[in-house]
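Below, chain A is the first sequence line, B the second, and so on; all start at residue 1.
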Amino acid sequence: MSSIMSDLDEADATVRVRFVVNGRKTACDVAPRDTLVDCLRTQLELTGTHAGCEMGACGACLVQLDGRAVHACLMFAVQADGARIDTIEGLSESGVIADLQAEFHRRNALQCGFCTPGMLINAHELLSNVARPSREAIRDALSGNFCRCTGYEAIVDAIAAVAEARAAKAAQGAEGASS
Amino acid sequence: MKARAFSYFRASTVEEALDAHAQGGDDARYIAGGQSLVPALALRLQAPRRLVDINHIDELRGVRREGEWLRIGALTRHCEMLTEPLIAEFAPLLRAAAPFVAHPAIRNRGTLGGSVALADPASEFPAVVLALEAEIEVAGPAGRRRVRAEDFFVDLFETALAPGELLVAVHVPLFNPGQRIAFDELARRRGDYALVGCGISATCADDLITDIRIAFFSVGNVPTRARRAESEIAGSRLSPDVIAAAQAALGEDLAPDDGDDVPAAMRLHLARVLLGRLLGQIGGAT
Ligand SMILES: Cc1cc2nc3c(=O)[nH]c(=O)nc-3n(C[C@H](O)[C@H](O)[C@H](O)COP(=O)(O)OP(=O)(O)OC[C@H]3O[C@@H](n4cnc5c(N)ncnc54)[C@H](O)[C@@H]3O)c2cc1C
Ligand code: FES
Ligand code: FES
């Protein structure tokens with residue numbers, strides 16, 4: 001029991017957490033009640049992750065935790081100690097979602113842009129799991145992401161178009177390899 | 001809003017978690033996926049002084065066969081219900097229900113143990129656990145015990161868990177090829193909590209239903225077995241007459257309250273519609 005008391009992070013103390021954010025080892029001092037989204041935005045100045053409802057309803061705060069999309073408002077930063085976190089900044093810099101970003105831009109799938117980071121993180125996860133999702137599957141994947149501007153149609157269009165383009169490219173690649 | 005300040009402890013064994021919770025007294029809470037607890041903290045519906053994080057306890061993880069049972073660790077995430085082969089083979093009703101639970105990113109974090117321990121009357125998994133006649137393994141200061149699902153859900157957000165007890169695993173009797181399952185719910189929008197939902201597990205000999213378990217959710221304070229409807233069906237073929245009798249019997253099985261926007265009569269009507277569809281699926285699966 002005494003060992004437990006020494007490992008307990010007191011409510012008013014700050015705790016050092018270490019994680020890998022966008023490929024870089026990072027340390028932060030947080031209070032136990034600080035959410036991951038607040039830590040990312042205020043301490044690490046990664047303001048691409050947005051804080052909207054702060055209760056899991058809007059999807060603006062999505063990040064990747066060890067490779068999976070999660071809500072950064074529904075996690076405390078202390079819980080992420082030792083984890084790998086990728087934010088919209090990291091995904092943008094690496095180029096893995098460049099085609100999604102370009103297609104969102106081209107089709108006006110964003111207006112104010114508040115929802116866009118969350119939309120892109122979810123779209124990225126969907127297309128990593130399912131090569132050619134139906135429009136219904138795309139809507140299903142985005143069911144927890146609110147957009148107050150676009151009416152969603154252009155967002156679904158953009159994701160469907162990228163899925164098609166990637167599939168076409170993969171087919172070409174396979175043809176090229178076999179010939 | 002932000003959560004009230006709390007102390008935080010990351011447990012690595014069940015014993016550590018129980019100790020840390022006991023030391024925190026009435027003001028301690030376990031945190032699993034946090035997908036229900038963190039919104040409650042942010043809205044200050046709850047303001048515990050201590051959180052005991054159970055996400056790093058190996059014993060709570062994993063799905064494996066144990067004789068005639070499938071042991072599903074409390075930390076099994078909702079998304080794993082869709083990808084874990086043992087769930088697909090031996091507990092397909094959990095898999096059928098999973099797409100209806102929240103949204104993909106919430107399914108990446110939310111846990112079966114958290115859903116069952118919370119016992120939200122509108123939640124899918126508690127009803128599934130009831131339909132499967134599963135047993136819930138619990139650890140507490142006094143040791144381990146297994147509680148039948150039937151005895152687990154006591155009242156609104158109230159379970160057989162004593163304060164400080166930890167849900168360790170859900171044990172599900174293995175699905176066998178003679179069984180059929182069906183699951184569906186009616187909701188206003190995709191990912192929303194259901195107006196009414198239902199899971200069914202039936203045992204068949206040719207097209208005779210020898211045994212059937214029907215569990216509804218979102219129809220009262222706890223997930224509810226429709227025992228009168230079940231008895232209309234057991235021992236029969238699913239003819240239109242039998243289905244109609246089962247639908248009629250729901251009037252005795254379910255007593256939904258008048259909600260703000262859903263009158264009791266509407267909920268009962270929707271339950272009958274849903275039961276008709278699901279029995280159609282069970283009957284049509286020959
Ligand atoms: C926008 C949104 C939509 C949602 N929609 C749905 C839906 O349609 N259907 C649905 O079922 N759920 C829904 N949920 C809730 C989600 O499924 C939660 O994951 C689940 O209810 C709780 O699991 P958790 O692991 O996140 O538990 P937590 O939030 O960590 O904990 C919930 C409660 O259970 C206790 N607890 C957790 N694990 C244990 C354990 N092993 N032993 C003892 N006590 C424990 C905690 O102390 C807490 O009181 C939704 C959530 C959100 C934010
Ligand atoms: S800010 Fe996290 S879901 Fe809205
Ligand atoms: S673009 Fe404004 S909320 Fe989606």
Side-chain angles (χ1 to χ4, degrees), chain A residues 1-13 15 17 30-38 51 53-59 61-83 118 121-122 125-126 129 136-137 139-145, chain B residues 1-13 15-24 27-28 31-43 45 47-56 77 79-80 82-83 99-100 102-110 187 189-192:
Chain A
M1 281 215 182
S2 57
S3 73
I4 284 181
M5 290 319 287
S6 64
D7 288 348
L8 184 78
D9 298 328
E10 292 297 342
D12 46 5
V15 193
V17 294
V30 297
R33 67 159 158 176
D34 291 341
T35 56
L36 181 60
V37 65
D38 285 345
C53 65
E54 299 184 86
M55 49 182 271
C58 75
C61 65
L62 291 179
V63 297
Q64 287 195 326
L65 176 83
D66 295 324
R68 312 209 68 147
V70 303
H71 294 84
C73 73
L74 294 186
M75 236 187 124
F76 297 106
V78 279
Q79 293 190 279
D81 189 50
I121 298 240
N122 244 348
E125 175 153 313
L126 174 68
N129 294 335
E136 200 190 357
R139 285 195 169 270
D140 206 21
L142 301 181
S143 63
N145 293 68
Chain B
M1 270 206 340
K2 308 287 178 191
R4 186 171 81 176
F6 54 79
S7 62
Y8 172 82
F9 179 72
R10 183 185 276 198
S12 45
T13 64
E15 287 65 36
E16 262 184 28
L18 294 174
D19 280 353
H21 198 291
Q23 288 173 32
D27 264 350
I31 180 165
Q35 305 298 291
S36 292
L37 183 62
V38 180
L41 300 185
L43 294 166
L45 300 172
R49 295 280 186 196
R50 172 175 300 185
L51 287 194
V52 179
D53 191 341
I54 61 172
N55 281 281
H56 300 268
R77 311 273 171 196
C79 61
E80 292 176 73
L82 295 163
T83 54
F100 293 94
H103 316 284
I106 288 165
R107 295 200 288 268
N108 283 344
R109 276 304 278 170
R189 288 180 313 178
R190 200 183 302 255
D192 273 4

Side-chain contact, heavy-atom cut-off 4.5 Å: B:Lys2 with A:Glu54?
yes

Write down the atom of A:Gly144, the atom of B:His103, and the distance for their closest heavy-atom approach.
N-ND1, 3.3 Å

Is chain A contacted by the side chain of B:Arg107, its backbone, both, or neither, given a heavy-atom distance below 4.5 Å?
neither

Nearest heavy atoms of A:Gln79 and B:Arg109, plus distance in Å
NE2-NH2, 4.1 Å

Interface moiety of A:Leu126 toward chain B, non-hydrogen atoms closer than 4.5 Å
neither

Out of A:Val15, A:Asp81, A:Asn145, A:Leu74, return the one with the most heavy atom pairs under 4.5 angstrom to chain B.
A:Leu74

Under 4.5 Å heavy-atom distance to chain B, tell me which part of A:Cys73 shows up: side chain, backbone, both or neither.
backbone

So do the side chains of B:Ile106 and A:His71 get within less than 4.5 Å of each other, counting heavy atoms only?
yes

Is there side-chain contact between A:Phe76 and B:Leu41, with at least one heavy-atom pair below 4.5 Å?
yes

Taken to the nearest 0.5 Å, the spacing of B:Leu45 CG from A:Met55 CE works out to 9.0 Å

Going by heavy atoms in the side chains, are B:Arg77 and A:Arg68 under 4.5 Å from each other?
no

Checking B:Ile31 against chain A: side chain, backbone, both or neither under 4.5 Å from a heavy atom?
side chain

Measuring only between side-chain heavy atoms, which start at C-beta, is A:Glu125 closer than 4.5 Å to B:Asn108?
yes

